[in-house]
J.: 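Please see the structure below; I have some questions.
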2 protein chains.
Amino acid sequence: MSGQRPIYRTVKNALQHRIETGALRVGDQLPSEEAIAQEFDCSRLTAHRAVRELAAEGFVERRRRAGTTVLPRERGGVLIRIPLIRDEVAAAGKSYRYELIDLKSVAASARVASDLGLAQGDEVLAVRCRHWGDRTVWQYEERWINPAAAPGVQDQSFLRTSPNRWLLTHVPYSDVTHEITAVAATKAQAVRLGLAIGAPLLQTRRVTSLHGTGITTVTLLHPGGTYTLRSGPAQDGTSA
Amino acid sequence: MSGQRPIYRTVKNALQHRIETGALRVGDQLPSEEAIAQEFDCSRLTAHRAVRELAAEGFVERRRRAGTTVLPRERGGVLIRIPLIRDEVAAAGKSYRYELIDLKSVAASARVASDLGLAQGDEVLAVRCRHWGDRTVWQYEERWINPAAAPGVQDQSFLRTSPNRWLLTHVPYSDVTHEITAVAATKAQAVRLGLAIGAPLLQTRRVTSLHGTGITTVTLLHPGGTYTLRSGPAQDGTSA
DNA sequence: TAGTGGTCTAGACCACTTT
DNA sequence: AAGTGGTCTAGACCACTAG
């Protein structure tokens with residue numbers, strides 16, 4: 001069957017189907033690449049690619065000599081997408097607006113210095129801004145930028161372009177770390193977000209770096225009622 | 001120069017380095033596979049694999065005839081790991097304990113029916129339980145299971161094994177959807193979690209299904225102060 | 001030490017899309 | 001029409017590890 005679908009994909013789907021239907025159970029061993037190649041009448045490399053992608057997506061584990069075994073589906077947890085704020089607002093059918101609150105050079109606090117790999121008291125750029133969806137605050141943002149790691153940032157006013165947008169397009173990075181938690185709004189936060197003190201907020205802390213050099217650390221606060229992170233069925237293991 | 005590192009990885013790293021350092025800028029075109037193969041003195045397939053993985057990880061876009069171009073790094077958002085509760089508690093250095101609150105067969109509410117693809121009023125299994133870390137509630141869980149989609153679930157007492165654990169190892173699934181938001185604890189929730197009314201909670205809603213058939217839907221509530229979702233630098237595009 | 005996965009090559013044909 | 005990526009093959013050698 002299949003038709004124009006690549007062979008490796010046919011093989012991969014067939015094996016995945018065996019796992020999902022229980023024909024292959026957790027701990028069972030898959031046929032060797034050689035055997036798969038014979039069964040599907042393809043080269044070993046084609047069989048290899050099919051199984052390699054299943055391994056990359058967490059379905060199976062491969063070990064030389066020991067062969068390929070079906071993994072318990074629990075491992076590794078689940079992957080969630082964090083959308084860009086502009087897209088998120090647009091998806092909700094609201095019109096997006098960015099607002100700068102203030103921008104200044106300050107001495108790094110202990111936490112900021114730790115996030116960015118600087119010494120406490122080193123000079124960093126502090127930006128506070130808001131992201132609106134129609135007439136409500138969608139996200140309140142407090143950001144610190146390591147000027148040494150972001151050449152040209154000193155010339156930015158961030159009046160019209162959000163720091164996130166500018167950084168993404170001008171400063172290369174390699175690693176991002178997120179921490180997501182729920183907090184109660186402090187008085188200052190409540191004012192910025194137009195909410196009551198103690199209101200539940202979804203807080204995202206993000207640190208961005210390039211090969212060990214901290215670029216920026218940011219705290220994002222979203223009103224709990226309206227803001228939701230989602231993960232679609234998008235597995236998206238490998239071959240886009 | 002490398003040594004035991006595979007050639008395709010050397011090539012991949014070299015290209016990735018050019019992107020991250022700005023030698024190749026957004027919109028620039030990568031050399032053709034043929035040219036890469038010549039430059040690194042390898043076969044075209046090896047060059048292909050290197051570039052294919054860069055594409056799978058979102059660094060570049062590939063189009064026939066048009067070639068391979070560097071993408072703006074913003075696209076697609078970020079991926080976050082949701083750990084298993086047992087692992088999360090263990091990682092915090094606490095001892096994990098599971099506690100069943102109750103288990104009964106009920107008529108599906110509108111929301112549960114919608115999540116599971118059933119008709120309102122259809123019979124579903126309702127489970128409520130708690131996950132402890134030492135002497136504090138780490139997570140309070142309300143779950144509904146479609147018995148038709150989980151053969152054998154009727155025989156389970158869930159007294160010692162959590163429904164999550166049993167389902168993961170006994171019922172195959174293909175798709176999972178998550179919604180994460182922050183909520184204020186209701187009176188009932190506050191009691192279950194041992195918190196004050198209005199305390200911020202991180203709420204995770206999860207729907208698990210197999211090829212369109214709803215298996216289970218669950219609402220997980222975590223105390224806001226102690227619970228944090230994290231994403232490491234784990235990019236994990238393809239080749240594990 | 002034998003079996004399995006990991007990688008690599010040289011060459012080939014095809015599919016798509018720009019010129 | 002031509003250039004680029006997408007896939008495939010047959011065969012090869014190496015790396016790791018269970019028996």
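No hydrogens, no waters, no symmetry mates; every other heavy atom, side chains included, goes into these values.
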J.: Please give, in whole Å, the distance from C:dG6 P to B:Lys12 NZ?
T.: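 Between P of C:dG6 and NZ of B:Lys12: 15 Å.
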J.: Taking only residues two or more places apart in sequence, or in another chain, which ones meet B:His211 in a ring-ring contact (aromatic ring centres under 6.0 Å, His included)?
T.: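 Testing B:His211 for ring-ring contact (aromatic ring centres under 6.0 Å, His included), a comparison that skips the adjacent residues, returns none.
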J.: My understanding is that only residues two or more places apart in sequence, or in another chain, count here; which of them pass side-chain hydrogen bond (donor to acceptor under 3.5 Å, both in side chains) with B:Glu99?
T.: B:Arg130, B:Trp132
J.: What is the distance from CZ of A:Arg49 to P of C:dC8, rounded to the nearest Å?
T.: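 About 15 Å, once rounded to whole Å.
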J.: Among residues at least two apart in sequence or on other chains, which ones pass ring-ring contact (aromatic ring centres under 6.0 Å, His included) with B:His131?
T.: B:Tyr96, B:Tyr98
J.: Under 4.0 Å, heavy atom to any atom of DNA chain C: which of residues 25-35 of chain A qualify?
T.: A:Ser32, A:Glu33
J.: In B/S/- notation, 5' to 3', how is nucleotides 9-19 of chain C contacted by protein heavy atoms closer than 4.0 Å?
T.: B--B--BBBBS
J.: Who are the ring-ring contact (aromatic ring centres under 6.0 Å, His included) partners of B:His17, not counting sequence neighbours?
T.: none
J.: Roughly, in whole Å, what's the span from CD in B:Glu53 to P in D:dG5?
T.: 16 Å
J.: Return yes if some donor-acceptor pair links the side-chain N/O of B:Gln29 with the main-chain N/O of B:Ala66 below 3.5 Å, else return no.
T.: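 Checked: pair present.
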J.: Please enumerate all residues that pass side-chain hydrogen bond (donor to acceptor under 3.5 Å, both in side chains) together with B:Ser32, with sequence neighbours excluded.
T.: none
J.: Just the rounded figure in Å: distance from C1' of D:dC8 to CZ of A:Arg5.
T.: 17 Å
J.: ring-ring contact (aromatic ring centres under 6.0 Å, His included) with A:Phe40: which residues, sequence neighbours excluded?
T.: none
J.: Do B:Arg62 and B:Glu33 sit within salt-bridge range, that is, some charged N less than 4.0 Å from a carboxylate O?
T.: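 Salt bridge present between B:Arg62 and B:Glu33.
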J.: Quick check on the helix from C:dT1-D:dA18 to C:dT18-D:dA1: what's the angle between its two end axes, five base pairs per end, to the nearest 10°?
T.: 10°
J.: Enumerate the residue pairs fulfilling salt bridge (charged side-chain N to carboxylate O under 4.0 Å, His left out) with a member in residues 15-29 of chain B, sequence neighbours excluded, ordered by first and then second residue.
T.: B:Arg18-B:Glu39
J.: Taking only side-chain N and O atoms of B:Thr68, does any of them lie within less than 4.0 angstrom of OP1 or OP2 on D:dG5?
T.: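 The answer is yes; a side-chain N or O of B:Thr68 sits under 4.0 Å from OP1 or OP2.
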J.: With respect to the phosphate group of C:dG5, does any side-chain polar atom (N or O) of A:Arg52 fall under 4.0 Å of OP1 or OP2?
T.: no
J.: Between P on C:dC8 and NE2 on A:His48, what's the gap in Å once rounded to a whole number?
T.: 10 Å
J.: Would you mind reading off the distance between B:Arg9 atom CZ and C:dC8 atom P, rounded to a whole angstrom?
T.: 11 Å
J.: Run the side chain to side chain contact (heavy atoms under 4.5 Å, CB included) test against A:Ala148 and tell me which residues pass, sequence neighbours left out.
T.: A:Asn146
J.: Suppose we screen for side-chain hydrogen bond (donor to acceptor under 3.5 Å, both in side chains). Which residues come up paired with A:Ser43, at least two apart in sequence or across chains?
T.: A:Thr46
J.: Tell me whether the OP1 or OP2 atom of C:dT7 has a side-chain N or O from B:Tyr8 closer than 4.0 Å.
T.: yes
